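What you see is a predicted model; the values in this text were computed from it and never measured.
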Amino acid sequence: MYCTRKVADDLIWVGADDRRLAMFEGVYSVPRGVSYNSYLLLDEKTVVFDTVDHAVEKTFLENVEHGLNGRTLDYLVVQHMEPDHSATIRTLLMLYPEAEVVCSKKTEGMLRQFFGDAVKMNIKVVGEGDTLKTGKHEFTFLAAPMVHWPEVIVTYDLTTKTLFSADAFGTFGALNGALFADEVDFFRDYLDEARRYYTNIVGKYGVQVQALLKKAATVEIKTICPLHGFVWRENIGAYLEKYQKWSLYEPEVNGVMIAYASVYGNTENAANILACRLRDKGIKTTMFDVSVAETSEVVAASFQYSHLVFAAPTYNGGIFIKMDEVLRDIEAHSLKNRTVAFMENGTWAVTCGKQMKEIFAGLKGMNIIEDTVTIKSALADGQEAQIEKLAEAIAETM
Ligand code: FEO
């Protein structure tokens, strides 16, 4: 049974929600689900823009069949080959073998890598600025390499000023019947998930996102149709501003994110005291215990906040493993331009502060507060003064 919604009279959302997926890409928890969006255009020619994840194949195929209502499929535009959008290409083309696959040169190679020669494909390679006329609509294609893979193109409808934006402008979270961002309170209820999606999926590729934003700024955009999350037709500028900030690695909050690991509560105690001293000074704080927090949440918060404090015990002569995982992930996402401070603990051979510092020394634009608070097992009498000093040093840089 089909489950579709109209984006416009001749454009139908034929995607689906997945609320059973535990870990998106095997890494990111999605407790609120995720949507895989696909769009069907009914012009003189018919077009499907991207397919969906294998998990929702049945619904997708029923949606396409219902939308086509007996018509044939003329084009399948493949903007992105990650399997959450490409896994169903093979089945779709077996059902509609006459459809021409419109894609970038790199996608052509990836189609063979994923599907071999099992399915005969009629491929039309397009590059930046090429156009496709389908009747009333005319589309042009823009290269968007590394947003999120190298083969990505986005598609702009010159007729309706709609941008099919691939992974860009997506968010985690199922749609739950709402297709448009203006049908929910997006900035209250979904912004955190949009940030977590952006920072973890394409956060490393700020330069490439900037390149796409610059191209997008040259055309009028009335609607954005991403591959995850809501379609945008109102207040697009506010979301573009968020993308601008995130891709430039500019913090949204002038405040401190404290991420700590604590085996027996002593490092946690120091982190809590620091948070209190910062709040005493009117500084916004947020805290994560990295042993229980999602790493993707900490990565997202590290993009959100201007100042970061990491507190951890030394473990096996190195950084406590849960903290090490978080720091390596932040490093892998090439975070830039933050003020960073550290607190270290250890009962003997306290070394992890130096090792945590070394990770951040390799990242661009990091202002590292040199004085690390060192705890030997538990805070000693009088060490509150050291924590107060660290809070003052942070306050001076705000
Ligand atoms: Fe939603 Fe990069 O795939």
Quiz item: Could you give the distance from OG (Ser262) to CE (Met323), rounded to the nearest 0.5 Å?
Solution: 10.0 Å

Self-check item: Leu274 and its side chain to side chain contact (heavy atoms under 4.5 Å, CB included) partner, picked from Val256, Leu390, Val373
Solution: Leu390

Quiz item: Looking only at atom types and distance, does a side-chain atom of Thr140 sit under 3.5 Å from a main-chain N or O of Tyr156, one as donor and one as acceptor?
Solution: no

Self-check item: Test log, rule side-chain contact (heavy atoms from CB on, under 4.5 Å), inputs Thr91 and Phe60
Solution: CA-CA 11 Å; Thr91 322; Phe60 166 68; over 6 Å; no

Practice problem: Look at the aromatic rings of Phe186 and Tyr239 and report parallel, tilted or perpendicular, splitting at 30° and 60°. | Solution: perpendicular

Quiz item: Any cation-pi pair here, Arg32 with Tyr190, using under 6.0 Å and within 45°?
Solution: yes

Quiz item: Quick check: are there more than 12 heavy atoms from other residues, nucleotides or ligands sitting under 6.0 Å from NZ of Lys281?
Solution: yes

Practice problem: Verify, without hydrogens or angle tests, whether Gln79 (side chain) and Thr155 (backbone) share a donor-acceptor contact under 3.5 angstrom. | Solution: yes

Practice problem: Using a strict cut-off of less than 4.0 Å between a Lys/Arg side-chain nitrogen and an Asp/Glu carboxylate oxygen, indicate whether Lys245 and Glu241 qualify as a salt bridge. | Solution: no

Quiz item: Would you call Glu252 and Lys242 a salt bridge, taking side-chain N to carboxylate O under 4.0 Å as the test?
Solution: yes

Quiz item: Could Lys389 and Glu392 be called an ion pair, given the rule that one side-chain N must be under 4.0 Å from one carboxylate O?
Solution: no

Quiz item: Rounded to the nearest 0.5 Å, how far does OG1 of Thr295 lie from CG of Asp329?
Solution: 6.0 Å

Exercise. Count the heavy atoms of every other residue, nucleotide or ligand shown that sit under 6.0 Å from CZ of Phe114, and state whether that count exceeds 12.
Key: yes

Quiz item: Going from OH on Tyr2 to CG on Asn69, what distance comes out if it is rounded to the nearest 0.5 angstrom?
Solution: 10.0 Å

Quiz item: Is atom CG of Asp117 surrounded by more than 12 heavy atoms (other residues, nucleotides or ligands) closer than 6.0 Å?
Solution: no

Practice problem: Let me know which of Tyr243, Phe230, Trp232 forms a ring-ring contact (aromatic ring centres under 6.0 Å, His included) with Phe169. | Solution: Tyr243

Practice problem: Report yes if the side chains of Leu379 and Glu384 come closer than 4.5 Å at any heavy-atom pair, otherwise no. | Solution: no

Quiz item: Do the side chains of Met287 and Val340 join up, straight or via other hydrophobic residues, at under 4.5 Å, putting them in one cluster?
Solution: no

Practice problem: List for me each residue that meets side-chain hydrogen bond (donor to acceptor under 3.5 Å, both in side chains) alongside Asn37, sequence neighbours excluded, and say none if there are none. | Solution: Trp13, Ser35, Tyr39

Quiz item: Does a side-chain N-to-carboxylate-O contact under 4.0 Å join Lys45 and Glu100?
Solution: no

Quiz item: Does a sphere of radius 6.0 Å around NZ in Lys133 hold more than 12 heavy atoms from other residues, nucleotides or ligands, not counting ones at 6.0 Å or beyond?
Solution: yes

Quiz item: Can you tell me if Tyr75 uses its side chain to pair, donor with acceptor, with the backbone of Val102 under 3.5 Å?
Solution: no

Practice problem: Report, as yes or no, whether the 6.0 Å neighbourhood of atom NZ on Lys215 holds more than 12 heavy atoms from other residues, nucleotides or ligands. | Solution: yes

Practice problem: Identify, with sequence neighbours excluded, every residue that meets side-chain hydrogen bond (donor to acceptor under 3.5 Å, both in side chains) alongside Asp17. | Solution: Arg19

Self-check item: Met110 reachable from Leu76 in the ILVMFWY side-chain graph, under 4.5 Å edges
Solution: yes

Quiz item: If you look at every heavy atom in Val48 and Asp50, which pair is closest and at what distance?
Solution: CG1-O, 3.3 Å

Quiz item: Is it the case that more than 12 heavy atoms not belonging to Tyr315 sit under 6.0 Å from its OH atom?
Solution: no

Practice problem: Might you confirm whether atom CE of Met1 has over 12 heavy atoms from other residues, nucleotides or ligands at distances under 6.0 Å? | Solution: no

Self-check item: Set of side chain to side chain contact (heavy atoms under 4.5 Å, CB included) partners for Ser291, sequence neighbours left out
Solution: Asp289, Phe320, Lys322

